[in-house]
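Here the structure is a predicted model, which means the values were calculated and not measured.
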Amino acid sequence: MPNYWLLKSEPSVFSIDDLSQSPRQTTCWEGVRNYQARNFLRTMAVGDLAFFYHSNADPPSIIGIVEIVKAAYPDHFAWDAKSKYFDKKSSPENPSWSMIDVKFLEKFSTPLSLERLRSIKALEHMELLRKGTRLSVQPVREREWKAILKLAQSGPVEKKTT
DNA sequence: GCCAACGTTGGC
DNA sequence: GCCAACGTTGGC
């Protein structure tokens, strides 16, 4: 039984289309610089699934699904002084940060916007929808995962014909 | 561009 | 160990 997650990315930085056009449709998920998020990364196992979330997007939305294909290993961008993810506290001898590899699985035909997700009763306790939450890596409960999958399969909301 | 909500830093 | 100042995230 896989565990479920949600990964945020700003599409102007790295979008789900960037992922699907990457070699082997796979990328390393570098740059997480928050301890709680890092600890979630370290909990992930190969075969776990994650929603791909577009933050700072119009509209912000869950846009697809990825699979974790490599468990946590040191984020070497942290000890590359030229990287925007450089962190002088991290070193190859004592890495502070971790990353995983993810593989593209699916892009939803209809993105599920925050607004739409907020309207779903089964998602009322979802971490993503909690006020003030900023975690870029979050666990997703199984019932939330299933409710969102069902939404994605049901397609867009019908326009009212009044 | 604004700003609320957090997380981190560092003086004391 | 407190907490003010500062930095970041991310919806709006």
Student: Nearest 0.5 Å please: distance from the CD atom of A/E144 over to the CG atom of A/L6.
Tutor: 10.0 Å
Student: Which residue, A/T133 or A/N56, contacts DNA chain B at a nucleotide closer to its 5' end, judged by nearest heavy atom?
Tutor: A/N56
Student: Should the heavy atoms of other residues, nucleotides or ligands under 6.0 Å from CD of A/Q21 be counted, would the total exceed 12?
Tutor: yes
Student: If you walk 5' to 3' along DNA chain B, what is the first nucleotide with an atom under 4.0 Å of a heavy atom in chain A, and what is the last?
Tutor: B/dA5 to B/dT9
Student: Can you say whether the rings of A/F52 and A/W29 are parallel (under 30°), tilted (30 to 60°) or perpendicular (over 60°)?
Tutor: perpendicular
Student: Strictly under 6.0 Å, is that where the ring centroids of A/Y35 and A/W97 end up?
Tutor: yes
Student: Is the closest side-chain heavy-atom distance between A/M126 and A/L117 below 4.5 Å?
Tutor: no
